[in-house]
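Just follow the structure's listing: the first ligand is 1, and inside any ligand the first atom is 1. Owing to the predicted nature of the structure, the values given are computational and were not obtained by experimental measurement.
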Amino acid sequence: LPTRSQVDPGSLPAYACQRHTPLNHHNLCFTEALETLAEAAGFEGSQGRLISFRRAASVLRALPGPITNVSQLRGLPCFGDHSSRIVQELLEHGISSEVERVKQSERYQTMKLFTQIFGVGVKTADKWYREGLRTLEDLQGQTRKLNRQQEAGIRHFEDLSSSVWRHEADAIQRVVEEAVWQVLPGASVTLTGGFRRGKLQGHDVDFLITHPVEGQEAGLIPKVMGLLESQGLVLYQHTQSNHYQDFKDLEHKVSQSTAIDAYERCFSILWLPKSPTSFHPEAGEGPKEPSRDGKAVRVDLVVAPISQFAFALLGWTGSQHFERELRRFSRAEKQMLLNSHGLYHPEKKESLPAASEEDIFTHLGLEYIAPEQRNA
Ligand code: ATP
Ligand code: MN
Ligand code: MN
């Protein structure tokens with residue numbers, strides 16, 4: 001019988017969308033190091049290096065056992081010299097000098113802090129860094145630099161940088177459902193993102209909304225947000241109406257290979273009141289803060305017509321790396337274009353309909369991977 005530490009690299013497919021990647025795996029110390037280097041590469045605008053490190057980390061997450069010897073890396077897909085060297089260093093010394101140097105650098109720490117702010121991407125963080133800004137206090141002293149979203153991100157920084165727990169996501173779902181059903185009876189609210197993949201905590205809560213009658217869903221979000229606002233639950237919101245009109249046809253729509261889709265959506269910060277009966281995992285770990293009777297939570301709402309729901313569900317469940325790999329596989333191996341709206345065959349000039357995520361995997365000739373196994 002093979003032991004769990006025995007790894008057969010020959011059996012591991014090259015694309016993350018061909019592999020089962022559970023949430024909990026056996027190589028955390030290696031994946032953390034590689035993800036740090038991926039993140040740092042992203043901060044320097046090196047998209048290629050970011051993806052290389054992320055692919056290597058993703059391969060380790062899919063392994064059935066821990067890496068205990070560098071020889072086990074031989075034959076693994078997506079494992080280049082640099083990633084191998086990091087793993088070797090960790091195996092030999094328990095620590096990687098390169099990773100430690102990155103983590104301790106002012107550049108990495110500042111970029112990590114700034115990009116953690118809601119509404120701040122790498123470009124903005126880099127600009128602020130080059131202007132000499134280093135802390136949240138530095139930013140608060142320069143409020144003219146901030147847009148409305150970033151200002152809200154800083155105002156609620158403490159709440160937003162602490163994890164959202166699964167029971168909090170469920171509580172938010174009940175609040176959102178109540179509002180959605182009041183506006184449009186029969187609509188459905190589906191939890192997507194990391195929580196659908198089985199994560200117990202996340203940085204936000206993602207919902208996908210649809211209605212069994214095509215077209216009924218249009219214009220839903222402004223009404224829902226209006227209702228939540230009247231209940232005093234909206235701390236920040238930015239709603240975008242759908243921009244399907246920008247896409248003349250599905251071919252154009254799916255050939256926009258960016259991750260950004262055209263759905264009606266809302267990026268928000270909602271207020272989750274602390275219910276007296278709810279379970280608080282943090283209770284008992286320190287003195288209670290009597291002034292806090294609730295928490296600010298980042299919530300994303302997306303509305304899809306039922307005909308595109310399966311594609312939207314697949315696209316918004318993630319992980320981000322799993323999605324990127326699905327699109328890459330479709331393009332390179334199947335000559336098809338996949339995004340959150342559909343799957344298109346440019347040569348045959350046909351789009352393939354799907355009523356479920358399973359249908360999409362079938363169209364692509366892929367084994368179905370359940371959401372809990374998409375933690376690539
Ligand atoms: P976390 O726990 O950190 O929230 P997550 O996997 O839920 O993890 P999100 O950033 O919430 O991460 O993204 C969830 C999914 O939604 C990802 O698969 C991502 O590709 C997709 N997504 C995020 N933003 C957009 C967007 N603007 N357009 C299309 N898809 C998006
Ligand atoms: Mn999320
Ligand atoms: Mn999100």
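Shortest distance from the Mn ion (ligand 3) to Asp300 is reached at OD2 (N/O/S atoms only). For the Mn ion (ligand 3), the nearest N, O or S atom contributed by Asp204 is named OD2. Take the N/O/S atoms of Asp206: the one nearest the Mn ion (ligand 3) is OD1.
Backbone and side-chain nitrogen or oxygen atoms of Asp206 are examined, and one is located within less than 3.5 angstrom of a nitrogen or oxygen of ligand 1. In terms of N/O distances under 3.5 Å, ligand 1 is approached by His203. The shortest N or O to N or O distance between Gly318 and ligand 1 is below 3.5 Å. Polar contact check, Gly194 against ligand 1: a nitrogen or oxygen pair lies under 3.5 Å apart. Annotation: Lys199 places an N or O atom under 3.5 Å from an N or O atom of ligand 1; distance criterion only.
Remark: Arg107 fails to qualify as a cation-pi partner of Phe43 under the 6.0 Å distance and 45° angle criteria applied to the six-membered ring.
Taking the six-membered ring where the residue is Trp, Phe361 and Phe322 present tilted rings, their angle falling between 30° and 60°.
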Could you walk me through whether Gln72 and Thr68 pass the side-chain hydrogen bond (donor to acceptor under 3.5 Å, both in side chains) check?
CA-CA 8 Å; Gln72 292 169 294; Thr68 53; 3.2 Å; yes
Can you check salt bridge (Lys or Arg N to Asp or Glu O under 4.0 Å) on Arg166 and Asp170, steps first, answer last?
CA-CA 6 Å; Arg166 176 62 201 236; Asp170 293 337; 3.1 Å; yes
The test is side-chain hydrogen bond (donor to acceptor under 3.5 Å, both in side chains); show your working for Thr21 and Arg61 and say whether it passes.
CA-CA 6 Å; Thr21 313; Arg61 277 194 282 272; over 6 Å; no
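Heavy-atom proximity to Glu323, at under 4.0 Å, picks out these atoms of ligand 1: 18 (O). Short contacts between ligand 1 and Arg265, defined as distances under 4.0 Å to a heavy atom of the residue, involve ligand atoms 26 (C), 27 (N), 28 (N). For ligand 1 and Gly193, the ligand atoms under 4.0 Å from any heavy atom of the residue are 7 (O). Those atoms of ligand 1 that come under 4.0 Å of a heavy atom in Gly202, given as number and element, are 2 (O). Near Asp204, with a cut-off below 4.0 Å to any heavy atom, the atoms of ligand 1 are 4 (O), 11 (O).
Within 6.0 Å of CD in Gln104 there are more than 12 heavy atoms belonging to other residues, nucleotides or ligands. Residue Glu178 places its CD atom among 12 or fewer non-hydrogen atoms of other residues, nucleotides or ligands, all under 6.0 Å distant.
Heavy atoms of Gly315 approach ligand 1 to within less than 4.0 angstrom. Not a single heavy atom of Arg298 sits closer than 4.0 Å to an atom of ligand 1. Using a 4.0 angstrom heavy-atom cutoff, Arg197 counts as in contact with ligand 1.
Each of Phe311, Tyr263, Trp316 was scored for a ring-ring contact (aromatic ring centres under 6.0 Å, His included) with His341, with one residue passing: Tyr263.
To the nearest 0.5 Å, atom NE2 of residue His156 and atom CD1 of residue Ile154 are 11.5 Å apart. From Tyr236, atom OH reaches atom CZ of Arg298 across 9.0 Å, with rounding to the nearest 0.5 Å.
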